[in-house]
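Position 1 is the first residue of the sequence; numbering continues from there.
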Amino acid sequence: MQNCGEVEEPPTTTEGFIELWSKFFRDGTVRMLKLVVEVYPESMPKGELQEKSSISSNGTFGTYLAELKRNNLVKVEGNQITASKELFE
């Protein structure tokens, strides 16, 4: 079998997971992820997350939130957003 290059070890820390995902997400999505990770296990209201992540457009905020949800990095319950517990295991 041909050598396909070096295989990276999967991250073992929350910071490592954020760094990994940072390669695939836009800056605003990464800011949102970092903010919900900072307050874990507490949740953050959507409006507060939008304000603290400096995303003024509701459409852009919704797109970024959908990216995080689709990748199971956050849980949304009503108006509250929480980092997924899997980021901390």
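Without hydrogens or angle criteria, Ser53 side chain to Arg31 main chain gives no donor-acceptor distance under 3.5 Å.
Nearest heavy atoms, Gln50 versus Ser56: NE2-O, 3.5 Å. Listed here is the closest heavy atom pair of Met32 and Leu68: CB-CD1, 3.9 Å. When all heavy atoms of Gln80 and Ser43 are compared, the pair lying nearest together is OE1-OG, 2.7 Å. Nearest heavy atom pair, residue Val36 against residue Ala83, reads O-CB, 3.8 Å. Here the closest heavy-atom approach between residue Val76 and residue Lys69 is recorded as CG2-CD, 3.4 Å.
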Mind listing the side-chain donor-acceptor pairs of residues 14-23 below 3.5 Å, one per line with the distance, residues two or more places apart or on another chain?
{"unit_1": "Thr14", "atom_1": "OG1", "unit_2": "Leu87", "atom_2": "O", "d": "2.7"}
{"unit_1": "Ser22", "atom_1": "OG", "unit_2": "Ile18", "atom_2": "O", "d": "2.7"}

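Within 6.0 Å of NZ in Lys34 there are 12 or fewer heavy atoms belonging to other residues, nucleotides or ligands. The neighbour count for Glu86 CD, taken as heavy atoms of other residues, nucleotides or ligands under 6.0 Å away, is above 12.
Between the CG atom of Asn58 and the CG atom of Leu65 there is a distance of 11.5 Å, given to the nearest 0.5 Å. Between Asp27 atom CG and Ser54 atom OG the span is 11.5 Å, to the nearest 0.5 Å. The structure places OG1 of Thr60 at 8.0 Å from CZ of Arg26, a figure rounded to the nearest 0.5 Å. Rounded to the nearest 0.5 Å, atoms CD1 (Ile81) and CG (Leu73) are 12.5 Å apart.
Sorted by first then second residue, the ring pair (Phe, Tyr, Trp, His ring centres under 6.0 Å) pairs that include residues 39-83, not counting sequence neighbours, are Tyr40-Phe88. Residue pairs satisfying the salt bridge (Lys or Arg N to Asp or Glu O under 4.0 Å) criterion with at least one member in residues 40-57, sequence neighbours excluded, are listed as follows: Glu48-Lys52.
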